[in-house]
Amino acid sequence: MIEIPKAYEPQSVEAKWYPIWESRGYFKPRGEGRTYTITIPPPNVTGSLHIGHALCYSLQDALIRWKRMQGYKTLCVPGTDHAGIATQNVVEKELRKEGLTRHDLGRERFVERTWEFVNKYGGVILEQLRRLGCSFDWDRTRFTRDEGYVEAVMECFVRWWEDGLIYRGKRVINWCPGCLTAISDIEVEHEDRAAKLYHLRYPFKDGSGSVVVATTRPETMLGDTAVAVNPSDERYKDLVGKTIVLPLVGREIPLIADDYAKSEFGSGAVKVTPAHDLNDFEAGMRHNLPKVIVIDERGKMSAEAGERYAGLDRFEARERVLEDLAALGLVDKTEDYSVPTALCARCHTIIEPLLSEQWFVRMKDLAQPAIDVVKQGRVSFYPDRYQRTYLDWMENIRDWTISRQLWWGHRIPVWSTEDGEYIVARSDAEAQQKANGKKISQDEDVLDTWFSSALWPHAVLGWPRQTEDLATFYPTSVLVTARDIIYLWVSRMIMTGLYFTKEIPFSDVYIYATVLDEQGRRMSKSLGTGVDPLELIEQYGSDALRFSLLVRAARGQDIRFAKVENGRQPQVEEARNFANKIWNAARFVMMNLGDASKAEAKWVPSDELADRWILAELNATIDQTTRALDEYKLNEAGQTLYHFFWDDFCDWYIELSKSQVAASEETPEVLGARCRILYVLETSLRLLHPLMPYITEDIWQRLPHEGESIMLQEWPTPEAGREDQGARDQMGTLIALITKVRNIRSIFNIPSQSRVKLHLGIADQAVRSLVLSNSD
RNA sequence: GGGCGGUUAGCUCAGCGGUAGAGCAUCGGUCUUACAAACCGGGGGUCAGUGGUUCGAACCCACUACCGCCCACCA
């Protein structure tokens, strides 16, 4: 008897096979078949694997393994993202522990230090993906700041500049006083907060009364340069044009008429602060109003705010302004109010809309082709409802603020001469040359991280160079990603792909489930609601973690993932039990191989009901699994295989053929039964392999086999003529019959040793003979 | 203010036009030599509510109620 452990031991199996797969080059594209390509969403270099990643990359590996078995020339390109703000924040935090700030180091040394950090820890998350079993081509690993990638980013910037799509502009942008940088509209989160609405009274200069304005941000009144009312508002018709003396400041400002003021709101009059509110900025442009910046980058009142307020935090200033106005009797009333508040998506600081000079990309023209390809169905979303989400956003797209006031990132390739002329170049050397001896200095800002990741699919394949990889593997097949980056990332990849390669970057976008904790909250490390996937791999094995996630990954539906309690995670445990079931079924087959282990042992068809039935079920399983994978219904594939393997194969087929398979004497019938059970097992393993790569490989290698690895075996296809609905119906009858007998035995408490007399009222010959031949 | 999901057994979720399913939990029974991480049997559901379409609805349509997410410059 072969010595095989009674329980599946994932640790040793995983440690054994992964290095073999990798060193033998199985993760590389093979053959000359059609290509199937995935460029993975690059995790942040600072990241470590969380459960959402585990799902995301398990999905991609399952797809890649499946397509590889189907004979495609497959490639999955891994990599990481330099993650500007996130990485800079981590390194700054490190510095703070040493009592330093980045300014103590200076830009150059800080960037050096960040590179050191990235070189040291940047590979951690990729190592973790190996633990998961991901069959990615590690030799092609990319980083959004590696040498070739910089080339791609510079090329993009320069081309867009030359084509008039990039411009510099002074306008009100979202400023984060926490991260000390501008951020784009989509990096802002909105939240309603309970606060106050203040009604402030502004007197007219001529002493003829006053006008009341409503505001949630009294401190910005120090920067008011007008008050606006709706032109059709009867109450103010005769007052428009009057001069107001701004309280506390003394500035004379006009009462203007503008549609932007809504008569229904508050008193119908709105204060206008062009430097600190986007709407006010636009109104200011229409009326040529001065723009007074009263809050600085750190969220403190500026000198322009006046001596009494300068240096105060914006929220302290709010209190002081209110006190001062109240002392003058100018606070008309204060009411409770739910204030829509803008927060930085990264650090949750309240955003300060700030007048500032930044670089922008004109999006309208870039968006149109990206809208068209989706409408034409050249790029499809799964689930398809996200197509609407995408289109709605794209059709209302606004210009993209791409400059960031950070040190870690792609520095903007724009130099200015002393006379204020811009030189845009792909490199420092090129800029010097273009400057023709004039003294130049490079823009201090870096690009938004998403500017570089927008180029990911073609850039990782070599663009802007016309590489062989680019020619072979682009456009890619599918993008597997989370729904919260459809705007930030997916849309931009489609836009840049079309712009620079004239091709779509991928034909399918598969939006996978969000992993929530047991209370339905988003899994998050900071909330302490996370589960560590590596601990789960340690405890239950990689296959178990993968299967537990994949079998729940109904397209686009959220997954609630329980936390570890009393050292147990029930969902992964379920998958672990399944792995163990597979192990033991294989063990039974291997213990009873006999001459079936010999190469000359041949598959012999059988007329027996159970044999015809299991083949029919297997055929249906192959068909259903393949179709489910085709439609990104990994959960359905998982469930189908689980049911087939456990219920059909283990509970019925093995049990019914046990007496033959385990017979002590190997008659031709016994050998036939052994060959058949081996066949069903081996085929099942191939079907399970994309979801559970390790255990299927380990068992497959122990079985009689040809070829080097199950990874490289053919994906099963249904065999014509095996459908056999008759066998499935008869087997259904037999199962019902046996269940009924067991039920009766259980009710009457008949011990399993004692035999019962069965009066069969069933005419079906096949059922009768099967019952008679398995009377035990 | 717009839009999108969800509401199915105690829990977590499949099913999305043809006699209600899985895992866990629960109850009863099994050391039946592949597996007690297992095996056998059982109990448990007016499929959120109301109305409609249909021979037939958890599944399609309309409305309602909760829960969640996304978008939006109403001070």
Side-chain angles (χ1 to χ4, degrees), chain A residues 1 4-8 172 185-186 189-190 197-200 213-217 220 227-228 260-262 264-273 277-283 337 339-340 342 353 383 385-386 388-389 392-393 396 398 483-484 486-487 514 516 518-522 540 544 548 551-552 554 556-562 568 570-571 573-592 633 635-636 638-640 642-643 646-647 650-651 654-655 658 661-662 677 681 738-753 776:
Chain A
M1 195 183 280
I4 306 167
K6 280 181 85 164
Y8 172 55
V172 171
D185 295 335
I186 24 181
E189 287 174 0
H190 298 272
L197 182 65
Y198 304 94
H199 297 255
L200 311 179
V213 296
T215 181
T216 55
R217 303 198 54 201
T220 63
V227 170
Y260 149 58
K262 302 285 172 255
E264 323 79 66
F265 192 91
S267 62
V270 58
K271 59 194 263 326
V272 182
T273 322
D277 182 285
L278 185 60
N279 291 310
D280 291 10
F281 173 78
E282 283 165 2
Y337 194 68
V339 179
R385 69 181 122 96
Y386 290 110
R388 272 273 308 280
T389 310
D392 285 350
W393 188 77
N396 296 300
R398 288 186 284 165
R483 62 168 168 258
D484 52 354
I486 292 175
Y487 309 137
T514 306
L516 308 172
E518 65 271 21
Q519 273 138 55
R521 295 171 306 183
R522 237 195 128 104
Y540 295 111
S548 74
V551 80
R552 266 164 257 280
Q557 204 49 61
D558 294 343
I559 295 176
R560 279 198 199 197
F561 205 73
R568 299 172 63 181
Q571 292 153 314
E573 200 166 287
E574 174 197 331
R576 186 273 316 264
N577 292 352
F578 182 45
N580 201 233
K581 189 71 181 176
I582 297 170
W583 183 257
N584 279 296
R587 209 166 143 255
F588 172 74
V589 172
M590 287 187 277
M591 286 164 73
N592 297 290
K633 294 176 177 170
N635 62 320
E636 223 170 279
Q639 272 167 4
T640 301
Y642 184 97
H643 169 254
W646 201 313
D647 300 344
C650 293
D651 288 352
I654 291 185
E655 293 304 329
K658 205 172 226 174
V661 170
I677 207 166
L681 172 67
I738 293 174
T739 305
K740 198 65 211 170
V741 172
R742 286 171 178 166
N743 182 321
I744 290 164
R745 294 188 87 116
S746 168
I747 290 170
F748 292 99
N749 214 357
I750 302 167
S752 54
Q753 292 86 354
D776 287 345

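The sequence lines fix the lettering, A, B, ..., with proteins before strands; numbering per chain opens at 1.
- Between A:K271 and A:D277 there is no salt bridge, since no side-chain N of the basic residue sits under 4.0 Å from a carboxylate O of the acidic one.
- Using a 4.0 Å heavy-atom criterion, one finds that A:Q571 contacts the sugar-phosphate atoms exclusively.
- A:K262 comes within contact range of at least one nucleobase, with a heavy-atom separation under 4.0 Å.
- Note on ring orientation: taking the six-membered ring where Trp is involved, the planes of A:F578 and A:Y642 are tilted (angle from 30° to 60°).
- Pair assignment for B:G23: B:C11, on the basis of Watson-Crick or G-U wobble contacts that are both within less than 3.5 Å.
- In this structure, A:R742 reaches the B:G41 phosphate: one of its side-chain N or O atoms is under 4.0 Å from OP1 or OP2.
- In this structure, A:A228 reaches neither bases nor backbone, as no heavy-atom distance under 4.0 Å exists between it and the strands shown.
- Across all strands shown, A:R217 has no heavy atoms under 4.0 Å from either base or sugar-phosphate atoms.
- Among the protein residues, A:N580 comes within range of the nucleic acid bases, having at least one heavy atom under 4.0 Å from a base atom.
- For the OP1/OP2 pair of B:A75 and a distance below 4.0 Å, the side-chain nitrogens and oxygens of A:Y337 include at least one atom meeting the criterion.
- Put simply, the side chain of A:E264 and the base of B:A75 share no donor and acceptor less than 3.5 Å apart.
- Among the atoms of the strands shown, base atoms are found under 4.0 Å from some heavy atom of A:R576.
- In this model, a side-chain donor or acceptor of A:K581 finds a partner on the base of B:C35 within 3.5 Å.
- If you check every strand for non-hydrogen atoms under 4.0 Å, A:D484 touches nothing.
- Pairing for B:A48 goes to B:U64, judged as Watson-Crick or G-U wobble with the two contacts each under 3.5 Å.
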